[in-house]
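Accompanying notes for the structure given below.
Just so it is clear, the values below take in all heavy atoms, side chains as well, and ignore hydrogens, waters and symmetry mates.
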Amino acid sequence: MTAIDYSSLSINYAKKIKDKFGLKTDFYCANVYDLSYLNLGEFDLIYTSYGVIVWLQDLSLWAKTISSHLKLGGDFIIVDEHPFARMFSNPNQDNTPYNSKDIFINTSSGEPIKANYKYSYANRDSVVTNQEQYIWFHSISEIITSLINENLHLTVFKEFDKSFYKAFSQLSKNEEGWWCFDNKMSSIPLMFLLHAQKY
């Protein structure tokens, strides 16, 4: 197994876990756009999840990188926050209340959105030191089309009414650990799963 992350702190922590449990994993600190310089070869499966898409400016280059590192017949899987839900998320307020009348993100500009979140989705109790950040909004159609253009054929697409973090103030954690709307509220898709194969 090979794992990539652009955070050197995350990579160093992952290496400690690897050494502790004797895992056979290679970790690289790299930008996803620069993977070709590592000469990693091709893989049977490429998997990415939870909070990746918003940090990527160019999905065409992202999809090209995936395709170039995937064997013929190989699988690509992504699980992430649903772009539709993110449209209603205030980039300057943590756990913003969901309101179908409030749309905060321009889906067609292609420009980064300045956000100032106080907390990370990974830890709701610890205040983030550097709160100013820039994210990119990508629609579902852009995500799918970028992959199709690189010979990746969509085999599965699912939407879920649950989230891996408290994206809206009305969400509460269920018995399985997912964040969901109260039963009295009509939900919107909060996450999606996409599976594609290279032909």
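Remark: L45 CG to M1 CE distance equals 8.0 Å, nearest 0.5 Å. If you take CG on L193 and NE2 on H82, they are separated by 11.0 Å, rounding to the nearest 0.5 Å. Put simply, CD on E159 and CD1 on I188 are 11.0 Å apart, with the number rounded to the nearest 0.5 Å. To the nearest 0.5 angstrom, K173 atom NZ is 13.5 Å from K162 atom NZ. For the atom pair L56 CG and T65 OG1, the distance stands at 9.5 Å (nearest 0.5 Å). Residue S141 holds its OG atom at 8.5 Å from CD1 of I143, rounded to the nearest 0.5 Å.
Annotation for T96 and N90: closest pair CG2-N, 3.3 Å, computed over non-hydrogen atoms. Smallest separation of non-hydrogen atoms from L35 and V32: CG-O, 3.3 Å. The shortest non-hydrogen separation linking F168 to A85 is CZ-O, 3.3 Å. Residues E132 and N116 approach most closely at CA-OD1, 3.5 Å, considering heavy atoms.
Side chain to side chain, D75 and Q197 meet the donor-acceptor criterion of an N or O pair below 3.5 Å.
By the neighbour-count criterion of 12 heavy atoms within 6.0 Å, atom OH of Y13 is sparsely surrounded, having that number or fewer from other residues, nucleotides or ligands. K64 NZ: 12 or fewer foreign heavy atoms inside a 6.0 Å radius.
By the criterion of side-chain heavy atoms lying less than 4.5 angstrom apart, applied directly or through intervening Ile, Leu, Val, Met, Phe, Trp or Tyr residues, W136 is not grouped with I78; the two fall into different hydrophobic clusters. Taken together through direct or relayed side-chain contacts under 4.5 Å among Ile, Leu, Val, Met, Phe, Trp and Tyr, L59 and L61 form part of one hydrophobic cluster. Hydrophobic clustering keeps I140 apart from F160 (ILVMFWY residues linked when any side-chain heavy atoms are closer than 4.5 Å, directly or through intermediates). Transitive grouping of hydrophobic side chains (ILVMFWY, heavy atoms separated by less than 4.5 Å) keeps W55 and I4 in distinct clusters. One hydrophobic cluster holds both L154 and L152 under the rule that ILVMFWY side chains link at heavy-atom gaps under 4.5 Å.
Remark: F88 engages F84, Y98 in a ring-ring contact (aromatic ring centres under 6.0 Å, His included) (not counting sequence neighbours). Residues passing the ring-ring contact (aromatic ring centres under 6.0 Å, His included) test with W62 are F76, sequence neighbours excluded. Residues satisfying the salt bridge (Lys or Arg N to Asp or Glu O under 4.0 Å) test with D19, not counting sequence neighbours, are none. The side chain to side chain contact (heavy atoms under 4.5 Å, CB included) test applied to N174 returns E176, W178, C180, not counting sequence neighbours. K15 pairs by the salt bridge (Lys or Arg N to Asp or Glu O under 4.0 Å) definition with nothing, not counting sequence neighbours. Under the side chain to side chain contact (heavy atoms under 4.5 Å, CB included) criterion, S172 pairs with no residue, sequence neighbours left out.
Each of F192, W179, Y50 was scored for a ring-ring contact (aromatic ring centres under 6.0 Å, His included) with F164, with one residue passing: Y50.
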Next item on the list: Using the side chain to side chain contact (heavy atoms under 4.5 Å, CB included) rule, take I135 and R86 through it: C-alpha gap first, then chi angles, then the decisive distance, then the call.
Entry: CA-CA 11 Å; I135 58 176; R86 180 160 282 277; 3.3 Å; yes

Notebook entry, point to check: How far apart are the C-alpha atoms of D44 and L70, what are their side-chain angles, what is the distance that settles it, and do they pass the side chain to side chain contact (heavy atoms under 4.5 Å, CB included) test?
Noted result: CA-CA 6 Å; D44 297 306; L70 199 59; over 6 Å; no

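Remark: the backbone N or O of K166 is not paired with any side-chain donor or acceptor of S163 at under 3.5 angstrom. A side-chain donor-acceptor contact under 3.5 Å links K18 to the backbone of T25.
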